[in-house]
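Single-structure report; data block below.
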Amino acid sequence: MLRRVYRSDGEINLAEVLRRGVSDPIKPIAETGRMRPSTPLVVASVVVLLLIAAFVYFSVGARR
């Protein structure tokens with residue numbers, strides 16, 4: 001019975017809460033109907049990927 005209650009409540013649905021959290025707050029849905037990610041999230045992801053790539057490059061490059 002509790003599962004039915006939690007499934008019907010949109011605030012408690014973890015997938016929906018995460019989707020709203022990472023979507024663009026100004027225009028969450030693009031013209032094509034797809035979700036637009038938040039700009040700070042995209043920038044932070046790119047920076048983290050660049051940091052990881054630099055770490056791997058210098059870690060492997062230092063051994064040669």
Side-chain angles (χ1 to χ4, degrees):
M1 196 162 63
L2 279 175
R3 288 182 184 171
R4 226 179 305 140
V5 169
Y6 284 132
R7 249 187 261 142
S8 65
D9 189 6
E11 278 296 312
I12 299 175
N13 187 353
L14 181 62
E16 186 62 33
V17 170
L18 288 175
R19 190 176 300 124
R20 272 188 270 139
V22 298
S23 67
D24 191 10
I26 296 172
K27 191 173 183 185
I29 304 295
E31 290 82 18
T32 58
R34 299 182 71 182
M35 183 192 81
R36 292 180 57 171
S38 175
T39 304
L41 179 68
V42 172
V43 171
S45 300
V46 169
V47 168
V48 167
L49 285 175
L50 287 174
L51 288 172
I52 291 171
F55 175 75
V56 169
Y57 176 77
F58 288 113
S59 294
V60 173
R63 292 184 183 162
R64 289 186 180 184

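What you are looking at is a predicted structure, and each value in this text was computed from that prediction instead of being measured. Both backbone and side-chain heavy atoms feed into the values below; hydrogens, waters and symmetry mates do not.
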Exercise. Indicate, with yes or no, if Ile52 and Val60 share a hydrophobic cluster defined by side-chain heavy-atom contacts under 4.5 Å among Ile, Leu, Val, Met, Phe, Trp and Tyr.
Key: yes
Quiz item: In terms of hydrophobic clustering (I, L, V, M, F, W, Y; side-chain heavy atoms under 4.5 Å; direct or indirect links), are Val56 and Val48 co-clustered?
Solution: yes
Practice problem: Treating Ile, Leu, Val, Met, Phe, Trp and Tyr as nodes and any side-chain heavy-atom pair under 4.5 angstrom as an edge, say whether Val22 and Val42 lie in one connected cluster. | Solution: no
